[in-house]
Structure formats: C-alpha cells, structure tokens
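Presented below is the structure to which this report refers.
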Amino acid sequence: MEDKTFTISVYSENNVGLLNRISGIFLKRHINILSLNVSESEIENVSRFIIVVNTTEKWVQNIVGQIEKQIEVIKAFYHTDEETIYLENALFKIASSLLFDEKQIQNIIKESQSTIVTVSRDFFVISKSGRRSEIEELYEKFKPYGIMQFVRSGRISVSKEKMEISSLLETFK
Amino acid sequence: MGTIRISGAEAIIRCLLEEGVDLIYGYPGGAIMPVYDELYKFQDQLHHVLVRHEQGATHAAQGYARATGKVGVAIATSGPGATNLVTGIADAQIDSTPMVCITGQVGRHLLGSDAFQETDIIGISTPVTKWNFQVTEASQIPEIIAKAFYIARSGRPGPVLIDITKNAQFDELDFSYEKCTGIRSYNPVPKLNLDKVAEAAALINSAKKPLIVFGQGIILGQAEAEFKAVLEKSGIPAAWTILGLSALPTDHPLNVGMLGMHGNYAPNLLTNECDVLIAFGMRFDDRVTGKLSTYAKQAKVIHFEIDPAEIDKNVKTEIAVLGDVKESLAALLPLLDAKSHDLWHNEFKELAKVEYESVIKDELNPSTAGLSMGETIEMINKHSKGDAIIVSDVGQHQMFACRYAKFNSTKSNITSGGLGTMGFALPAAIGAKMGKPDREVVAIIGDGGFQMTIQELGTIFQTQVPVKIVILNNEFLGMVRQWQELFFDNRYASTKMINPNFVAIAEGYHIKSKKVTQREDLDAAVAEMLASKDSYFLEVMVEKENNVFPMIPTGACVSEIRLS
Ligand SMILES: Cc1ncc(C[n+]2csc(CCOP(=O)(O)OP(=O)(O)O)c2C)c(N)n1
C-alpha cells in the first residue's frame with residue numbers, strides 16, 4: 001500500500017492529558033505528525049483535533065481505531081485530501097519600508113488575495129489563508145525582499161461528507 | 001442521597017468500600033500517608049496487604065483479578081512508589097486485567113516544581129493505562145474513583161491509575177457516592193449486529209475444515225458455558241491461546257491444544273490448512289500468528305471481538321462480529337448446524353500422535369537422569385487432579401506449565417502473556433490465593449524469575465497465605481539459553497545462574513521447604529506440598545539444558561513449526 005496524506009479528525013471531551021495519549025499513538029508507530037490543530041468544535045464542550053499524516057490507509061485505519069479507544073474520544077474519522085476542504089493560515093512580517101518603496105510588493109499582495117493585518121512604522125503583517133502550495137508560492141515571492149518572520153498554522157479542514165457527530169452525541173443523552 | 005463531611009483520604013476508603021473492595025495491596029510513603037491513616041481506622045472492613053515492593057502489589061492485584069474476575073486494587077506513594085507500579089500496570093494493560101491503582105502525589109501547589117518524590121506518573125503511565133487521572137481537589141474523589149472502577153472493568157478490561165495530590169487527601173468534601181454507569185465518550189460494548197452473526201453462522205455451516213481459536217475474551221466475558229455449547233454443537237476443533245487456557249477443560253474432546261510459538265503441533269500446522277478460522281476473544285498476537293504474511297492465508301477468518309481496534313489489526317477478516325462474546329455466542333448457537341467433522345478431527349489426532357512420539361513422551365517419561373520440567377508438571381496434575389490454579393512465571397517453565405498443566409475449571413491459568421514479565425508469578429499467586437482461598441494455588445517459577453520478586457516471600461510469611469511455590473531450577477535463564485543454543489551458536493552469554501541456597505532463604509522466611517534432586521523423591525514431595533495447610537516451598541532441580549519444543553522460530557510461519 002502506498003503512502004498518502006490523510007486528515008484525521010478527532011472529536012473528544014475537553015480533557016487534560018488527552019493530547020499526550022493521542023500523540024503517543026503516533027509515537028509508538030513512528031509516524032510523524034505533519035500538522036496538528038486543536039480547537040473547539042461546533043458542539044459545546046467538544047474539542048476537535050485535526051491531525052495530518054502521511055502513511056498508508058491500513059495504518060491510518062489502525063490509528064483511528066486506537067484513537068477511538070481512548071476513553072474521552074467521542075469519534076474519530078479519517079479522510080483523504082479529495083474528501084475534505086482544507087487550508088492553512090500563514091502570517092508574514094515584512095519591513096514597512098518595502099511596502100512603500102517596492103511597488104511590486106503591493107501587486108503580490110493583491111494577486112495573492114492576502115490581507116494586511118496591521119501596519120506599523122517598522123513592519124507590516126500579511127495574512128494568507130489557503131492550501132500549502134499557495135502559501136509556499138507566496139513565500140517564494142516575498143523571499144527576495146526579506147521576510148522578518150514567518151509562521152504557518154496547522155491544517156484546518158471540514159469534510160465534504162457529513163460527520164455523524166451531533167446525532168451520535170444525542171444517543172448518549 | 002445525603003452527604004457527610006469527611007477528608008479526601010476517608011473518601012477514598014469509602015469509595016473503595018462502595019465498589020465492593022475488601023482487599024488491597026500496597027506500600028506506604030509520605031504522599032499517601034493520609035490514606036494509610038484511614039486504612040488503620042477502617043481495617044475491619046478493608047484489608048490492606050503490605051507487600052515488599054510496589055511491583056508485587058500490582059502483580060498481586062492482577063493475580064487477584066484474574067482468579068476472581070473482580071477489579072484488583074494497588075496503592076503506592078508518589079515518586080519511586082508510583083514508578084515501581086509501572087511494570088505491573090503495563091502487564092495488566094496488555095493482558096486486559098481490570099485493576100485500579102491509586103498513587104499519592106505531592107501537594108497541588110508543588111506540582112511541576114521537582115518537589116521531593118514528585119514524578120509525572122500521569123505522563124509515565126499514559127501509554128500503559130486504559131485511563132488515568134490526576135485528582136487535585138478533594139471534591140473530585142468520588143466521581144473519579146467511580147469512573148475508574150467503571151472503566152477498569154467494563155468492555156475490554158484494563159488498568160486505571162488515579163494520582164491524588166496530598167492536599168486532596170487532607171481537604172474535606174461533602175461526600176456522597178454514586179456508581180458510574182456510563183460515560184458519554186466511551187462505548188465499552190459495541191452493539192451486536194445479528195446480521196453479522198447470521199453471516200458468520202452461514203460461513204461456519206458451509207466449512208469443511210473449520211478451526212476455532214479462542215482467547216481470554218471467553219473468560220473475561222464469562223462466556224465459558226456459551227462457548228462450550230457452540231463448540232459441542234458445531235463439533236469444530238478448538239485451540240487456545242495462552243490466556244484462553246482453562247476457559248475449556250483441558251480434557252474436553254474438542255480441545256486440540258495450544259497455539260503459538262511453543263504450542264501444539266496439530267493446531268499450529270493445521271491453521272494453514274483450515275478453510276474457515278473462527279476467532280473468539282483473541283487478538284492474533286505475533287506469538288500466536290508467527291509470520292503474518294503466511295498466516296492462514298487460505299482461510300476465511302471470522303473474528304468475534306469486543307474491541308473494534310483489534311479487527312483487521314493483524315489478520316484481515318472476512319466477517320467481524322463486534323460485541324460481547326457471551327451475547328454473540330448465544331445468538332450464534334441456534335443458527336449452527338450440528339456436525340462432528342470426524343475426518344478433519346482425524347488429521348489433528350494423527351499430528352497429535354506425531355507430537356506425542358517425538359516430544360511429549362520423552363518429556364513426561366524422560367530417560368535422562370535429570371528431572372524434566374514436564375514430568376514435574378505432570379506430577380502436580382496427578383496430585384491436584386486438575387483442580388489447582390496454576391500461576392506461572394516467564395520462561396521455559398511457563399511454556400511447560402501451560403503445555404502440560406491440566407485444568408478442570410476456568411480462571412485457573414494465571415500467567416503473564418502479553419508482556420512476559422519475569423517476577424510475575426510469586427506475587428500473582430499471593431493475590432490469586434487471597435481471592436480464591438478455597439482453591440489450591442501453585443506457582444511455577446524459574447530460578448531466574450523467582451529472584452526478581454523473591455522478597456514477596458516476606459508477604460507470604462507475614463500474611464500466612466498458603467500458596468505453594470515450585471521452583472524449577474535449571475541454573476540457567478533457560479529460555480534465553482535455549483535461544484542462544486538454537487540461534488546464537490551456543491554462546492551462553494550471561495545466562496548461567498549461580499544461585500543461592502533457596503531452601504535456606506525460604507526457611508529464613510519460615511516457609512516449609514524441600515528440595516528434590518532425584519526422580520524417586522518427586523512424587524512424595526509434591527504430595528506433601530499439596531497436603532500442606534500452610535505455604536510450602538519446593539525446589540526441583542531439573543535438567544540444565546533441556547529445550548521446549550515444538551517451537552516456531554520468530555519470524556517463521558506457523559506451519560514451519562519444529563519438533564526438535
Ligand atoms: C523482567 C524480564 N526481564 C527479562 C526477560 C527476558 N527473559 C525471558 S525468559 C528469561 C529466562 C527466564 O529464566 P528462568 O526464570 O530461570 O526460567 P526458565 O526459562 O529457566 O524456565 C528471560 C531472561 C523477561 N521476560 N522479563
């Protein structure tokens with residue numbers, strides 16, 4: 001079986017220590033987590049982990065089984081890239097002088113559909129949401145001018161298909 | 001329900017009592033002292049057994065749990081006390097043994113400050129517990145302990161650790177207790193799908209050469225009777241994993257023996273001949289399957305299992321029946337055709353004869369001067385008549401015990417299967433005997449493993465628990481030596497054991513003892529041991545360089561099983 005990128009989504013109770021348990025499942029199998037994002041989900045008091053890995057379908061099935069076994073985990077799913085809508089967010093910090101001196105910079109910002117978050121006397125900050133490749137493309141464009149700081153978030157994603165999570169929680173009531 | 005105002009420490013004791021606990025194993029220390037103080041007050045209701053090392057507490061709790069089916073409880077102090085529990089917790093996790101461990105922890109305000117005897121036991125125990133939790137406020141105690149017991153014993157059982165800070169033990173709370181009956185995010189028993197059962201039945205009915213393999217799931221699910229009924233109606237040969245042993249009486253005519261690395265010849269070989277393989281409550285451990293790419297490839301596999309994560313983990317199934325095995329077996333029974341599979345059984349019998357002639361005959365009636373491990377086990381069978389609980393340690397003697405010990409009833413074979421923990425048997429036997437005082441409990445231990453928890457002789461002496469201890473002394477770390485002989489050109493690196501005078505040690509603990517070196521003395525010694533009302537220590541000097549066969553070398557396929 002060939003390696004593919006999978007997005008694992010985990011709905012869980014919000015509990016101290018769960019991240020440790022979940023990351024241990026990957027650690028045990030020597031699977032590198034490419035990106036991790038944890039936040040509140042659409043359901044009150046339920047957290048959602050989004051974990052991106054590159055592995056085989058058999059492994060990802062196994063891992064999801066092990067994750068679901070954790071007491072606080074309500075449900076875990078996995079999806080391929082084709083089955084999800086996903087993006088990352090990036091922030092670029094660039095010297096303010098460039099914004100005024102380099103005409104090209106303004107064009108890059110416009111064309112890339114990124115937004116200026118803030119401008120101060122010394123620097124300005126650009127935010128860009130999109131696929132990894134779009135962010136990387138933008139990075140390459142800014143690079144010649146000098147990037148003071150760059151940061152990219154973990155992947156966030158929603159599945160194209162419905163995730164049967166709310167109805168599942170109903171049955172527990 | 002009304003509440004009473006009590007300390008956290010008292011609440012812990014009351015929670016245990018509410019859960020029906022009457023016996024716990026442990027070792028005191030600074031961070032758990034408030035609980036010990038309460039134990040002193042409650043000693044009429046809750047008996048605490050002082051072990052000699054915290055590892056002993058976990059193994060004793062495991063032995064208790066395995067013999068009784070109840071949750072075993074161990075307590076320890078923070079830091080070194082807590083870390084000493086880890087081996088037993090890992091052992092319980094892999095063998096699905098229900099256990100609740102309670103550790104003391106430094107006060108909340110000291111957490112994370114590298115305080116005296118602070119360790120992150122939550123972090124350390126995370127990979128080896130079914131669940132764990134750190135309690136930092138007294139008011140959390142009832143709910144968390146209730147949850148701990150529910151999680152430990154429900155679904156696929158396992159160990160749970162609760163770490164309780166010292167302030168939470170001292171502080172007061174308004175105590176009331178409610179047992180936990182469900183947790184929103186936790187579904188311990190998947191709902192049985194009757195269509196799957198029907199599909200499984202149809203496939204079983206159509207099979208020409210079906211083989212049943214069963215594991216501890218039958219015992220944990222208390223499904224022995226249902227299993228026997230399914231077996232007898234379907235007439236299918238049944239083979240057991242090391243932890244499934246004793247779920248079915250050894251002498252049952254459909255019992256075709258042990259699977260796996262040192263299992264029996266017929267069931268291993270014929271795993272690669274059967275057309276339908278039906279697994280009940282077992283998880284296709286690599287010690288059972290050997291090389292996966294050649295394991296039962298010709299067979300359609302039906303897996304009856306409580307834990308969804310086990311399905312297709314190692315072996316791809318045709319039909320997976322998730323649920324409580326007791327329920328699934330009951331649903332399966334009426335759908336099965338009554339059959340006897342005589343021709344197929346004959347294939348097992350033929351191979352069993354081959355194994356008997358080339359391995360078993362000599363092992364049970366050796367012509368060598370030295371005693372054999374097999375004949376010692378057979379002698380125990382003769383005197384116990386298959387009614388004893390046999391607790392084995394890890395090594396060659398374990399394989400001999402599991403291969404040759406006879407069992408009439410369930411929950412009688414207690415051994416460290418998944419982790420293979422040397423030092424398990426002596427404390428586990430203590431727990432088993434305390435859990436089942438009416439049964440004979442015999443621990444079978446190697447000279448190596450004995451010395452890993454030898455200090456628990458002190459617990460035996462202090463509590464006067466009448467366990468019988470048999471040391472099969474080959475003056476080697478026998479199992480490792482066997483591998484060195486077979487796979488490392490006889491290079492016996494650090495496996496020879498220069499041993500102390502074990503009998504003198506046992507006598508130092510005031511335990512009646514005997515050492516047997518001659519075949520003619522074995523019978524009387526075993527008889528005397530089993531007749532003893534008190535604990536008894538028997539050392540049997542056995543052949544030094546004997547090997548356990550059959551054997552499937554690691555990485556080989558089950559049909560490459562070697563008889564010599
Ligand atoms: C705690 C632990 N350490 C090491 C091992 C590896 N090991 C497995 S069997 C064995 C030898 C056991 O020797 P002994 O207890 O004398 O029993 P025998 O095999 O001779 O019957 C060893 C060292 C183990 N299983 N557990």
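Residue numbers begin at 1 in each chain, while the letters A, B, ... track the order of the sequences. Since the model is a prediction, treat every value here as computed from it, not as a measurement.
Within the 4.5 angstrom heavy-atom criterion, only side-chain atoms of B:Ile151, from C-beta onward, approach chain A. Only the side chain of B:Asp307 has a heavy atom closer than 4.5 Å to any heavy atom of chain A. With a threshold of 4.5 angstrom between heavy atoms, A:Lys75 does not approach chain B through any atom at all. In this structure, the portion of A:Glu13 lying under 4.5 Å from any heavy atom of chain B is its side chain and not its backbone.
Using a 4.0 Å cut-off between charged side-chain N and carboxylate O, A:Lys160 and A:Glu83 make no salt bridge. A salt bridge links A:Lys128 with A:Glu134: the distance from a Lys NZ or Arg NE/NH1/NH2 to an Asp or Glu carboxylate oxygen falls below 4.0 Å. No salt bridge links A:Lys143 with A:Glu136; every basic N to acidic carboxylate O contact stays at or beyond 4.0 Å.
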- [ ] Show the numbers, then the answer: is there a side chain to side chain contact (heavy atoms under 4.5 Å, CB included) between A:Ile71 and A:Asn15?
- [x] CA-CA 10 Å; A:Ile71 305 293; A:Asn15 229 316; over 6 Å; no
